[in-house]
Structures are given as structure tokens and as C-alpha cells.
There are 2 protein chains.
Amino acid sequence: MPKMSDVAKLAGVSTATVSRVLRNPDTVTPSTKEKVLEAINQLNYQPNMLARHFRRTETNTILVLVPNISNTVFSEIVGGIEEEAAQNGYRVLLRNTNNQLENEYASIEHLKQRQVDGMIMLSPKLDEETLIEISHQYPIVLATAHLETPTIPFVSIDNVGSSEKATEHLIRLGHRWVAHISGPMYSLISRNRYEGYQNAMKKHGLNPEDKFVREGEFTYESGYEHMLDLLSQKEVPTAVYAASDDMAIGAINAANELGVKVPEDLAVVGFDNIKFASMFNPSLTTIAQPLHGMGQRSMELLLKKLNGEAISQTEHVLPDKLIIRNSCGAKHKEKLLPM
Amino acid sequence: MPKMSDVAKLAGVSTATVSRVLRNPDTVTPSTKEKVLEAINQLNYQPNMLARHFRRTETNTILVLVPNISNTVFSEIVGGIEEEAAQNGYRVLLRNTNNQLENEYASIEHLKQRQVDGMIMLSPKLDEETLIEISHQYPIVLATAHLETPTIPFVSIDNVGSSEKATEHLIRLGHRWVAHISGPMYSLISRNRYEGYQNAMKKHGLNPEDKFVREGEFTYESGYEHMLDLLSQKEVPTAVYAASDDMAIGAINAANELGVKVPEDLAVVGFDNIKFASMFNPSLTTIAQPLHGMGQRSMELLLKKLNGEAISQTEHVLPDKLIIRNSCGAKHKEKLLPM
DNA sequence: TTGTAAGCGTTATCAG
DNA sequence: CTGATAACGCTTACAA
């Protein structure tokens, strides 16, 4: 494995010059640059990044913490991050936390030990205090996350508003008994989506009764179980808004299991617009987040942090969109109720 | 940021001793070890991994190349890898190739530049020659891949046999016109699965006609398109075996689109047992690969390579399983035809 | 514009 | 069992 001194020797220059050719080519005379490049070629020299990183205490690599790599929501965000990173000479490495808080915490080690220069956390589960503490020491950005006190840059959508929109869509289709299967309440996102649901209900003079609200875990299984439960009551909802597509699909399958037809007997709206949402039968009406754009924006913010630029705005709320497909029954109806 | 020399000074020992406490605690007297640990604690010292890695020319990190992080097949394999890696003090970083050959090739840089010690490639697209060349220089292992010449350790299932099993299952349900939507033929896996399909057909005296075979790309869209095409012919298959669940789901939706009921009018079998296979309507009959186990095994093999142990066996074929659900119609039939 | 030389923080070798 | 010291390969003042 040839080293820089080998190249220097062959080119008849000093290692300093070789280093300059590699990192500041403009500060070197074309003719010597030529010689050096030729030597590099001849020896098939590759800089030892371990040495370079050590010397410069930086890696040009960022870490993305993904709760669950099999969730298309996250993989699309990662796509946006990678694009922006590549354009700026950064590498992206992913770490799957498997939704384990401990893994999330453990990944700070990568930063502490300087394996990566910065980190983007997708839907972090760590408490706000801990996050702020980390952010105090290392460049981090959050995505699909929301903070009470936006001291750390984060990228998100308006979860309250989008939830309101989703719920209102069901109400305008004539439903009065709209149920909600929420995400876990320890997550601010879940609380926000719940809040949006409540807002919409109240706005239309409906009472968001406890018997129609269930706290799920964003998973298929929890959607399934809670729907079985909701449908086993004396009074049964005619519509349900689930805070994730996985839960919405679970809910639909539970309804089918009980002979309740979707969307005829039960209208369903999900959240996320995962890849499977359009493939499922019935196709899912859902809220789409601008995932790619969210990834890009997060990386832009992280780049600013890495370059020591000031970040004037920490709260980045991007626009979402209600995508109407078949599960809500809108395509069966002639028209919606007025707003 | 305290360094080792700070700890040494505080503990009244040399840096060599501190280093020993950290890496070979048994070679140090308990009492001095105590002192050192206390100093470490007091200073909240964290070793600088960049320096350590540089010095030792190793990172204790491996890279997993994933074609598509949103494919549950891969995420489960990664789960197995991570488990095995963690037990052996290794970190796992992922890199999404997005199915781009160029990204796959580019990721060799991580190895060249020593950012990681080794690599596991999931379903690599690079040609065998290139792979062997890489393997000659760096520790790599392949998973869900198959080589003509098994010079590189790889973990796989018996794609021919499992395909045969899937096709035969349809034949035993009484189908004679069984179509096959394959993966791309540049991939050996696809060719193997196609071979299995052919074997089963011939074994039962059926002619695997070209008009019933289509080359897809493992994607939902390709399954959808090819099924539309298959069903638009004069003679129409009554069963289809798709080489991936994504394609099988696409095929089912295409059939539905044309008013062809699954499984009543068309029996479908997929491959992979992705998470959605059981959630879909109808639930998918499919071949399940022991994904977690495959991940584990790949990491075991990579560990051997990293430790310089000899690998006696390079070909690792794990057992698969046919999972019978609703899409094949077996649950409607009284009994299967004899083998 | 180029070269010299001093580190970066850790580990490994060799004495003691 | 412990300490002194020389690397590891690269970058970067500083000097020429």
C-alpha cells in the first residue's frame, strides 16, 4: 500500500506538495502538479483516510439514525439526505435503531468517537433534554420530529393541521362518529396528531369521545387490535383516522375480519403515504409528507452546522398533502358537505 | 477534550499503562488499574477513536450494502447482521445503493480508505469478476447472492429448489397453465428461480411455454404490467408464480383491475415473505427465506475473514419454506393432487 | 511556490 | 508490571 512519501519520492517533491495537490491544487504550479498526479497514478496511490481523518479530526461522513429501515417513510427521507450530502462531498451512513431507545443513545458514541461529523435523527425517541444536551456538543438535526423548545434545528410538517385536514375530510363525507387511533402519547407527533383530530371534531360540533380514541404504536398490529376493539363496542364508529398507514391497514384488515366493509361501512384515512398505501386494497386515503424534501432540508441544515454557519431558523415546517384514494369512500360519494 | 496523557498525569502513570487498562486490563495490577479508572472517570475521558483507528488501522465497523433499504427482505437480514456484529464488538453501518451499480462500486471506497474493516453485500449487482477482484483485496461476504464460482463466501437459499416447490404447489392445486414472472435475467438468482419453475413444469409433463413467461424487475410495477400483458392473451394462465412478493402483489392488482379474481380465477404465489405479504388482501402464499439467520451467518463468515481464520466452506445455503396463505387458493380446495 | 519539520493521540516495542 | 519512546500517514505553520 503506497503512502504519500512514496508518491513524493517518485515525483521528486516533498510530501507537503503531494498533500497540496490533493487538497489545494490551485496553490501548486501546473508542472509540478502534473508530476505528482502522474506519480499518484503510477503507484495507484489512495490516501489513507484513517490518517487524514485523524489529522483533521473530521470524517466527511454523517450518520442518519433510522428507527426502522423497513419503513418507506424513512427510506425516502434518507434518499433526500443522500442527494444533498453527495452534492456537498459528504457520505451518508445509516444506523438502524430498531426503535430501541438504547440504540439511539448508543449511537452518540459515533459522534463522541468522531466516526462521523454530524448526525440527523429521524423521529428520535430520546427526551428533549437529552437531545438538547447532545446538540450542545455535536452537530445534529432532527427530522419528522417536533420540539417544545426549538433549540435544535428540526424539519417536520404541521402535524396538527394535517391531522385536522384528514379528520375534517371524513366529517365532510358525512361521518359524525369518527374514531382515532393515535401513535404513542410519549411522542409529541402523536399528541399533535391527536390534537388536530380533536380540533376538527370540535370545530364541527362533534364530541371527540374517549370511547372512539385509542392509543396505538404506529404498527400494523396495534391498528388491527384497536380496530377490533373499537368495533366490538355498543356504538361503533363509521370512520377512523389512523395516525399511520400501517395502523390504517391493520384497522382495515380487522374490519374485514368482522365483516365490516371498507369503505362502505367504515371509512379509513391513514398517515404517511407509504409505498404500500397505493398498492393496498382498498387503496389508502392518507396524508403525504414531502419526504424527499424533508431529507434534503435536514441535510442543508446539518451542512450549515458543520460549516459553523449560523442557523437563523430552527423550525422548518414543510407542506403536506391529503391524498384521496378509495379507503375513505370519497370516490363513492357525489359530493362533500360544505366546509 | 481530555486525552490519554491527561489521564496518565492525573493517575500518576504513563500513557502506556492507561492504554493497557483500556485494552488489556489483565496485564495491569488491580491497584493501578483502579487509579487509572478513577482518573478516566474524573476527567470523563473518551478515547479518540480516530487516533486509535489510525494507529491500529482498523475501525471495528463493518459496512452493509443494501440495494434498497425500504425492502423488508433486506432490513430483516440487516437485523441478523447487527445482532451477530454487536455480540462481537462490531458496529454496523449501512449504505443504500438505491439499486445503482455505480453506488455499489463507489462503496468500495469505504474499504479502500479504511473507513470500515469489511463489507457484506446484499444482492450485489456487480459482475462476478469485479466481486472476486474486490474480495481479493478486502474482506467481503455476499448474501442473497449466488456465484458460479464460489470463491467468495456467500449466504443464500436454494433458489432452484424453492422455486420448484412453489411452482409444484400450484401444479398440485390442479393448474396446468402456470405463468412465471421472473426477476431480471442478468441476476443469477432470477435465472435460478426460472430454472426451478421450468424443472417443476417439466417434471409434471407440462410445457413451460414462452407466452407464459415474462421477465420483470422484482418491482411492483413490473409485476403489474406483466400480469396485464399475460391476461390480455388469447390463452390465459390460471396461476402465476412471481419471483418476488412485490411483483406478486402487482400481479394481483392487475388481475383485479381486469375483473379476474384471486385466487378464484387466478392463483398467485410470490417469493420473499415481505411484511406486507400477510397483510395484503388476499394474503400471499410465498416462499420465506430465513432472513435473520442469513444475516447472522453472513456476519459470522465476515468475522472469520476479519480474524484471518480460514473459511472451509464458502457456499452457505440455508433452508427456505413455502408459506401457504390465501392467494394460491389452497385453502379453498379440499385436497391437493398427489405428488 | 515549495520544503522542513512538528505534531495529531494512540499503541507497540523494548528495557528496566 | 510499568515506563520511555518511536512510530502510524497525513496536514500545516513557518521558513526559504
Side-chain angles (χ1 to χ4, degrees), chain A residues 1-40 43-61 89 109-117, chain B residues 1-40 43-61 89 91 109-117 308:
Chain A
M1 195 98 294
K3 49 179 84 165
M4 196 176 265
S5 56
D6 298 326
V7 175
K9 202 184 299 172
L10 182 61
V13 298
S14 72
T15 59
T17 301
V18 177
S19 177
R20 279 190 277 260
V21 168
L22 255 33
R23 303 192 50 78
N24 304 82
D26 302 335
T27 67
V28 169
T29 316
S31 68
T32 59
K33 191 189 335 189
E34 192 82 7
K35 281 189 298 183
V36 171
L37 288 175
E38 180 148 340
I40 286 176
L43 296 173
N44 190 21
Y45 165 75
Q46 286 274 347
N48 179 333
M49 283 303 174
L50 252 34
R52 175 181 288 180
H53 293 160
F54 165 53
R55 181 54 231 248
R56 299 178 45 94
T57 49
E58 68 181 36
T59 60
N60 274 309
T61 306
E109 299 294 311
H110 289 284
L111 289 163
K112 270 196 191 156
Q113 305 175 346
R114 305 166 195 294
Q115 299 229 77
V116 295
D117 299 343
Chain B
M1 195 101 289
K3 50 179 81 166
M4 196 175 265
S5 56
D6 298 326
V7 175
K9 202 184 301 172
L10 182 61
V13 298
S14 72
T15 59
T17 300
V18 177
S19 179
R20 278 190 278 260
V21 169
L22 255 33
R23 301 191 53 78
N24 303 81
D26 302 336
T27 67
V28 170
T29 315
S31 67
T32 59
K33 191 187 337 186
E34 192 83 8
K35 279 189 298 184
V36 171
L37 289 174
E38 180 147 341
I40 286 175
L43 295 173
N44 190 22
Y45 165 75
Q46 286 273 346
N48 180 334
M49 284 302 174
L50 251 34
R52 173 180 291 179
H53 293 159
F54 165 53
R55 181 56 231 248
R56 298 177 46 93
T57 49
E58 68 180 39
T59 61
N60 274 308
T61 305
R91 295 228 177 74
E109 300 293 310
H110 289 285
L111 288 163
K112 271 196 190 155
Q113 304 176 348
R114 305 165 192 296
Q115 298 229 79
V116 295
D117 299 342

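Proteins get letters first, then strands, A, B, ... in listed order; numbering begins at 1 in each.
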Novice: Just to confirm, is there a sub-4.0 Å distance from OP1 or OP2 of C/dT2 to any side-chain nitrogen or oxygen of A/Thr17?
Specialist: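 The answer is no; no side-chain N or O of A/Thr17 sits under 4.0 Å from OP1 or OP2.
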Novice: At their closest point, which heavy atom of A/Asp117 faces which heavy atom of A/Asn60, and how far apart are they?
Specialist: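 Minimum heavy-atom separation between A/Asp117 and A/Asn60: OD2-N, 2.7 Å.
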Novice: A/Thr27 side chain to A/Asn24 main-chain N or O, any donor-acceptor pair under 3.5 Å?
Specialist: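 Yes, A/Thr27 side chain to A/Asn24 backbone: donor-acceptor pair under 3.5 Å.
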Novice: Identify the two heavy atoms, one from A/Asn44 and one from A/Pro2, that lie closest to each other, and give their separation to 0.1 Å.
Specialist: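 So the minimum-distance heavy-atom pair works out to O-CG, 4.1 Å.
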Novice: Can you tell me how far C1' of D/dC8 sits from CZ of B/Arg114, to the nearest Å?
Specialist: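 The answer, rounded to whole Å, is 11 Å.
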Novice: Among residues 24-32 of chain B, which ones have heavy-atom contacts with DNA chain C below 4.0 Å?
Specialist: none
Novice: For A/Gln46 and B/Arg114, does a side-chain donor sit closer than 3.5 Å to a side-chain acceptor?
Specialist: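 Absent: no donor and acceptor within the cut-off.
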Novice: Could you check how far NZ of B/Lys3 sits from C1' of C/dC8, rounded to whole Å?
Specialist: 8 Å
Novice: What integer distance in Å separates B/Arg20:CZ from C/dA12:P?
Specialist: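 Spelled out: CZ on B/Arg20 to P on C/dA12 is 11 Å.
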Novice: To the nearest Å, how far apart are A/Gln113 CD and C/dG9 P?
Specialist: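 Spelled out: CD on A/Gln113 to P on C/dG9 is 16 Å.
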Novice: Taking all non-hydrogen atoms of both residues into account, name the closest pair between A/Thr61 and A/Gln115 and its distance.
Specialist: CB-O, 4.5 Å
Novice: Would you name the heavy atoms of A/Val28 and A/Thr32 that are closest together and state the gap between them?
Specialist: CG1-OG1, 3.0 Å
Novice: For B/Val13, report the nucleic acid contact type (base, sugar-phosphate, nothing); a contact means any heavy atom under 4.0 Å.
Specialist: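 Since only primed, P, OP1 and OP2 atoms lie under 4.0 Å of B/Val13, the category is sugar-phosphate.
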Novice: Looking at residues 44-58 of chain B, who's got a heavy atom less than 4.0 Å off DNA chain D?
Specialist: B/Phe54, B/Arg55
Novice: From NZ of B/Lys33 over to C1' of D/dT2, roughly how many Å is that when rounded to an integer?
Specialist: 15 Å
Novice: Write down the atom of A/Ala11, the atom of A/Ala39, and the distance for their closest heavy-atom approach.
Specialist: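 The pair with the smallest heavy-atom distance is CB-CB, 3.9 Å.
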Novice: Can you tell me which nucleotide in C/dT11, D/dT11, D/dT2 comes closest to the side chain of A/Met4?
Specialist: D/dT11
Novice: Indicate the atoms forming the closest heavy-atom contact of A/Leu50 with B/Glu58, along with that distance.
Specialist: CD2-N, 4.2 Å
Novice: About how many Å separate OG1 of A/Thr57 and CZ of A/Arg52, when rounded to the nearest 0.5 Å?
Specialist: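 The CZ atom of A/Arg52 sits 13.5 Å away from the OG1 atom of A/Thr57.
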Novice: Figure out the CZ/C1' separation between B/Arg23 and C/dT10, and round it to whole Å.
Specialist: 10 Å
Novice: Are A/Ser14 and C/dT2 close enough that a side-chain N or O sits under 4.0 Å from OP1 or OP2?
Specialist: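 So the side chain of A/Ser14 is outside the cut-off, no N or O lying under 4.0 Å from OP1 or OP2 of C/dT2.
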Novice: Please report the distance, rounded to the nearest Å, between CE in B/Met1 and P in C/dT10.
Specialist: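 One finds 11 Å between P of C/dT10 and CE of B/Met1, rounded.
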